[in-house]
*Asks:* 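Below you will find the structure I want to go over with you.
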Amino acid sequence: MTILQDTVPTDHVVRYCSDLIRLDTTVGHRPERGAAEYVAERLAAAGLEPLMLEGAPGRTNVVARIPGREPGLPPLLVHSHLDVVPADPSGWTVHPFSGEVRDGYVWGRGAVDMKDMVAMILDVVTTMHTSGRAPRRDVVLAFVADEEDGGTHGAAWLVEHHPDLFADCDVAIGEVGGFSVPTPTGSFYLLETAQKGAFTLELTANGLAGHGSMLNEHNSVRALARTVAAIADHPFPLRLTATTQDFLEQLGEAFGLSDTADAPERALAAIGEVGRIVGATLRHTATPVALRAGGAPNVVPSQAHARIDCRSVPGHEEEFLAELRRLIPPEVTSSVVPRGAGHENGLDGALADTISAALLAEDPTARLVPFCMSSATDARHFSRLGIRCFGFVPLRLPADGDFVSMFHGTDERVAVESLTFGARVLNRFLATY
C-alpha cells in the first residue's frame, strides 16, 4: 500500500453515525450484536478480517487489525464502545433512536457517547481501503460492549480472555477527550492523560432493633445517617497531580490568570461547564448514591446500609481510604468494592507532536492540553495490560453548544461539521503516528 496523506475521509461519517444511532443498544435492554454486525460488515468490506467475540449472548465485541507501513513499531489500540445509556423519548425534540440529521446535527442517543467515534473510525478505515493507503503502524480496532455497565462483557472480558489481541500495543486512544474549548488565544483541545480511580464504599450500621415509639440509643438508621453525612460533607484537601497542574498553568496563560494552583475553582469558571469535569479531579470525592434500611413504619431495624461512590485522585488512593476510615464510627462496618484503578500517563513528544500536527492541519489555533477525567472509561481495563491510555475523540465544537450536557443527556447530538472534522483529524493522526 502507498501513503496518500492528503486523502481525507468523506461525509459517509454522517451516515455511519446516523445508522448506528438507529440500532438501539441501550445497556441492560438491547444487546450490542446488531451494531457489532454493522461494524463488522463495513470492516470486512474495507478488506479487514474482523473477529466477533461475545462475553455473553448478544454482548458482542468486534476486534480487527489494520497492517501498518512500519510493522516494527508497537501497534496503536483504538477503542470505542457500542452500548448507550437509556433515553426517554418523551423529553426529546426528536426520537432518541431516529438518528435524524437536522439543523446541522446528527441527533440521538450515542451521538457523542460514543457512536460518533465508531463512525469516524469506520469512515477512516473505508477511506484508507479505497485510496490504497495504510497507517504508519499497525492499528488494533476494538469496538466493545457493555462500557456503560462496567465493561464486564466488553473490555474487561476481552482483557481477561483475549489479552493476546492487544499484547504488543503500548498506546491506546478512546474516550473522553479531543474536544475543543474556546479561549482568548485560540482553542484548547483537551487530551485525557489521567483518570481518577473508582470504588464503592459499602457501609453497614449495626444497632438494636426495637419499637419506633421507644427511645433507642443504638438506632442503626441514625448511626448510618450521621456517618453518610460526615462523609458527604467532609472537605477533602486539594490534590493537584502533574496533569492538573499543567492544565491550570496553561489555563492561566490563555486567560491571563495568576495563582491558578491556589484558587483552581475560580480559574476553572473561565471555561464554563467543562470546568466542572476538571474541577471534580482536584480532590477526592465521596458521593452517597444509595440508602437501605427497615420497612415497617414503627420498627427500628437492627441494620442499615449505604453505598458511597468514591473517586480517588490518581496516586493518592491509600490516603483517601485512610481518611474515609477515620470518618466511620465503630458501630458502622465498611467494605470496599474496586471498580477500576486510576492512572496518569506522561505525554511523550512523538504522541503529542503527532496529535498536535493533525489538529493544527484542521484548526490553526489548536493547542493540545492534557487533563484528568473525573469518571472511568474502558481505559481502566486496557491499562491493566500495561497500555498507556489516552482519551482522544477529536471534535471541533460549535461555539454555542453545551458539550458536557450531551453525555447521557436529553437531546444528545453532534454537529455534522464536528464529525467531519474529527474524521479528518483521525485520518491524519493514524497516517503519521
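Everything numeric here is computed off the predicted structure, so don't read it as measured data.
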*Asks:* Would you check if Leu208 and Val300 make a side-chain contact, meaning some heavy-atom pair closer than 4.5 Å?
*Replies:*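 Counting from C-beta outward, Leu208 and Val300 never come under 4.5 Å.
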
*Asks:* Ion pair present between Arg226 and Glu331, side-chain N to carboxylate O less than 4.0 angstrom?
*Replies:*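 Glu331 and Arg226: not salt-bridged.
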
*Asks:* Residues two or more places apart in sequence or in another chain: which of them pass side chain to side chain contact (heavy atoms under 4.5 Å, CB included) with Ser18?
*Replies:*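 Side chain to side chain contact (heavy atoms under 4.5 Å, CB included) check on Ser18 returns Arg22, Val106.
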
*Asks:* To the nearest 0.5 angstrom, please state how far the CG atom of Leu324 sits from the OG atom of Ser334.
*Replies:*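 Going from CG on Leu324 over to OG on Ser334, the span is 8.5 Å.
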
*Asks:* Flag the pair Trp107 / Glu412 as yes when at least one side-chain heavy-atom distance between them is below 4.5 Å, and no otherwise.
*Replies:*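 No; the side chains remain at least 4.5 Å from each other.
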
*Asks:* State, with a plain yes or no, whether a side-chain heavy atom of Tyr38 is found less than 4.5 Å away from one of Leu122.
*Replies:*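 Yes - at least one pair of side-chain heavy atoms lies under 4.5 Å apart.
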
*Asks:* Got a sec, which pairs hit side chain to side chain donor-acceptor pair (under 3.5 Å) with one end in residues 152-161, sequence neighbours left out?
*Replies:*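 The answer is Trp157-His161.
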
*Asks:* Between Ser356 (side chain) and Leu368 (backbone), is there a donor-acceptor pair under 3.5 Å?
*Replies:*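 Checked: no pair found.
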
*Asks:* In terms of the angle between their ring planes, are Phe320 and His284 parallel, tilted or perpendicular, with boundaries placed at 30° and 60°?
*Replies:*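 Taking His284 first and then Phe320, their aromatic rings lie parallel (interplane angle under 30°).
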
*Asks:* Quick one: closest heavy-atom pair of Thr281 and Val313, and the distance?
*Replies:*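 Heavy atoms of Thr281 and Val313 come nearest at O-CG2, 3.8 Å.
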
*Asks:* Looking at Lys115 and Gly108, would you say the former's side chain and the latter's main chain have a donor-acceptor pair under 3.5 Å?
*Replies:*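 Absent.
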
*Asks:* To the nearest 0.5 Å, what is the distance between CG on Leu82 and CZ on Arg33?
*Replies:*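 If I round to the nearest 0.5 Å, the distance is 12.5 Å.
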
*Asks:* Do the side chains of Val39 and Pro50 get nearer than 4.5 Å, heavy atoms only?
*Replies:*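 They are not in contact (no side-chain heavy atoms under 4.5 Å apart), so the answer is no.
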
*Asks:* I'd like to know if the side chain of Arg137 and the backbone of Leu430 have a donor-acceptor N/O pair within less than 3.5 Å.
*Replies:*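 No: the side chain of Arg137 does not pair with the backbone of Leu430.
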
*Asks:* Compare all side-chain heavy atoms of Leu347 with those of Asp246 and state whether any distance is below 4.5 angstrom.
*Replies:*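 No; the side chains remain at least 4.5 Å from each other.
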
*Asks:* Of the non-hydrogen atoms in Ala119 and Cys17, which two are nearest, and what is the gap between them?
*Replies:*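 Nearest heavy atoms, Ala119 then Cys17: CB-N, 3.5 Å.
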
*Asks:* Quick check for you: to the nearest 0.5 Å, what is the distance between Thr93 atom OG1 and Arg102 atom CZ?
*Replies:*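 The distance works out to 7.0 Å.
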
*Asks:* In residues 262-278, what donor-acceptor pairs under 3.5 Å come from side-chain atoms, sequence neighbours left out?
*Replies:*
{"from": "Glu265", "atom 1": "OE2", "to": "Arg283", "atom 2": "NH1", "distance (Å)": "2.6"}
{"from": "Glu273", "atom 1": "OE1", "to": "Arg276", "atom 2": "NH1", "distance (Å)": "2.7"}

*Asks:* Quick check: closest heavy atoms across Val425 and Pro394, and the distance to 0.1 Å?
*Replies:*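 Smallest heavy-atom distance, with atoms named: CG1-CB, 3.8 Å.
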
*Asks:* Contact between Thr227 and Pro329 at the side-chain level, heavy atoms closer than 4.5 Å - yes or no?
*Replies:*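 Thr227 reaches Pro329 side chain to side chain.
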
*Asks:* Would you mind reporting whether Thr287 and Arg311 have side-chain heavy atoms less than 4.5 Å apart?
*Replies:*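 No. Closest side-chain heavy atoms not under 4.5 Å.
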
*Asks:* Sub-3.5 Å donor-acceptor pair from the side chain of Arg109 to the main-chain atoms of Pro86, do we have one?
*Replies:*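 At least one qualifying donor-acceptor pair exists.
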
*Asks:* Any Lys/Arg nitrogen of Asp168 or Arg65 sitting under 4.0 Å from an Asp/Glu carboxylate oxygen of the other?
*Replies:*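 Answer for the salt bridge query: yes.
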
*Asks:* Is the shortest distance from a Lys or Arg side-chain nitrogen in Arg307 or Glu202 to a carboxylate oxygen in the other one below 4.0 Å?
*Replies:*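 Glu202 and Arg307: salt-bridged.
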
*Asks:* To the nearest 0.5 Å, tell me how far Met117 CE sits from Leu419 CG.
*Replies:*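 Nearest 0.5 Å value for the CE-CG distance: 11.5 Å.
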
*Asks:* If we ignore angles and hydrogens, is there a donor and acceptor under 3.5 Å between the side chains of His81 and Asp113?
*Replies:*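 Per modelled atom types, His81 and Asp113 side chains form a pair under 3.5 Å.
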
*Asks:* Please answer whether the main-chain N or O of Glu362 pairs with a side-chain N or O of Arg396 as donor and acceptor at a distance below 3.5 Å.
*Replies:*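 Checked: pair present.
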
*Asks:* Is a donor from one side chain sitting under 3.5 angstrom from an acceptor on the other, for Arg339 and Thr200?
*Replies:*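 Per modelled atom types, Arg339 and Thr200 side chains form a pair under 3.5 Å.
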
*Asks:* Applying the ring-ring contact (aromatic ring centres under 6.0 Å, His included) test to His79, which of Phe143, Phe382, Phe392, Phe166 qualifies?
*Replies:*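 So, applying the ring-ring contact (aromatic ring centres under 6.0 Å, His included) to His79 and each of Phe143, Phe382, Phe392, Phe166, only Phe382 qualifies.
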
*Asks:* Working to the nearest 0.5 Å, report the span between CZ of Phe188 and OG1 of Thr365.
*Replies:*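 If we round to the nearest 0.5 Å, Phe188:CZ and Thr365:OG1 are 11.0 Å apart.
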
*Asks:* Would you say the side chains of Thr183 and Thr185 form a donor-acceptor pair under 3.5 Å?
*Replies:*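 There is such a pair (donor and acceptor under 3.5 Å, judged by atom type) between the side chains of Thr183 and Thr185.
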
*Asks:* Answer yes or no: is there a side-chain heavy-atom contact under 4.5 Å between Arg59 and Val27?
*Replies:*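 Heavy-atom side-chain distance check passes, below 4.5 Å.
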
*Asks:* So does His218 have more than 12 non-hydrogen atoms from other groups sitting under 6.0 Å from NE2?
*Replies:*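 No, the 6.0 Å shell around NE2 holds no more than 12 heavy atoms from other groups.
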
*Asks:* Would you please test Arg367 and Gln250 for side-chain contact (heavy atoms from CB on, under 4.5 Å) and show each step?
*Replies:* CA-CA 10 Å; Arg367 180 175 180 177; Gln250 296 201 52; 2.9 Å; yes

*Asks:* Restricting to non-hydrogen atoms, name the atom on Arg380 and the atom on Gly340 that form the minimum distance, rounded to 0.1 Å.
*Replies:*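 The answer is CD-CA, 4.0 Å.
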
*Asks:* Taking Asn298 for the side chain and His211 for the main chain, is one N or O donor matched with an acceptor at less than 3.5 Å?
*Replies:*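 Side chain of Asn298 to backbone of His211, a donor-acceptor pair under 3.5 Å: no, none is there.
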
*Asks:* Going through the checks in order, is the side-chain contact (heavy atoms from CB on, under 4.5 Å) test met by Glu192 and Glu175?
*Replies:* CA-CA 8 Å; Glu192 181 198 305; Glu175 60 176 355; over 6 Å; no

*Asks:* Could you check whether Arg388 makes a cation-pi contact with Phe390, meaning its NZ or CZ is under 6.0 Å from the centre of the six-membered ring and within 45° of the ring axis?
*Replies:*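 Not flagged: Arg388 not positioned over aromatic ring of Phe390.
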
*Asks:* Would you check, one step at a time, whether the test side-chain contact (heavy atoms from CB on, under 4.5 Å) holds for Val112 with Phe179?
*Replies:* CA-CA 11 Å; Val112 299; Phe179 56 92; over 6 Å; no

*Asks:* Between Met114 and Glu147, does a side-chain contact (heavy atoms from CB on, under 4.5 Å) hold up when you go through it step by step?
*Replies:* CA-CA 10 Å; Met114 61 175 303; Glu147 189 275 343; over 6 Å; no

*Asks:* Using a 3.5 Å distance criterion without hydrogens, assess whether the side chain of Glu318 forms a donor-acceptor pair with backbone atoms of His316.
*Replies:*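 No.
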
*Asks:* Would you kindly say whether Thr60 and Glu32 are connected by a side-chain donor-acceptor distance under 3.5 Å?
*Replies:*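 No pair is found: no donor N or O on one side chain lies under 3.5 Å from an acceptor on the other.
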
*Asks:* Considering all heavy atoms of both residues, which atom of Glu100 and which atom of Val94 are nearest to each other, and what is their separation?
*Replies:*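 Between these two residues, the closest heavy atoms are OE1-CG1, 3.5 Å.
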
*Asks:* Under 3.5 Å, is there a donor on one side chain and an acceptor on the other for Thr204 and His305?
*Replies:*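 Yes, side-chain donor-acceptor contact under 3.5 Å.
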
*Asks:* Check whether any side-chain N or O of Thr243 sits under 3.5 Å from a backbone N or O of Cys372 as a donor-acceptor pair, and report yes or no.
*Replies:*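 Flag not set: sc Thr243 to bb Cys372 has no pair under 3.5 Å.
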
*Asks:* Are the side chain of His234 and the backbone of Phe236 linked by a donor-acceptor contact shorter than 3.5 Å?
*Replies:*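 No; zero donor-acceptor contacts below 3.5 Å.
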
*Asks:* Can you give me the closest heavy-atom contact between Ala205 and Ala223, atom names plus distance?
*Replies:*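 Shortest heavy-atom contact: CB-CB, 4.2 Å.
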
*Asks:* Considering only NZ, NE, NH1 and NH2 on the basic side and carboxylate oxygens on the acidic side, decide whether Glu217 and Arg222 come within less than 4.0 Å.
*Replies:*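 Counted as a salt bridge, because a side-chain N and a carboxylate O are separated by less than 4.0 Å.
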
*Asks:* Supply the atom-to-atom distance Leu76 CG to Asp138 CG, rounded to the nearest 0.5 angstrom.
*Replies:*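 The CG atom of Asp138 is 10.0 Å from CG of Leu76, to the nearest 0.5 Å.
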
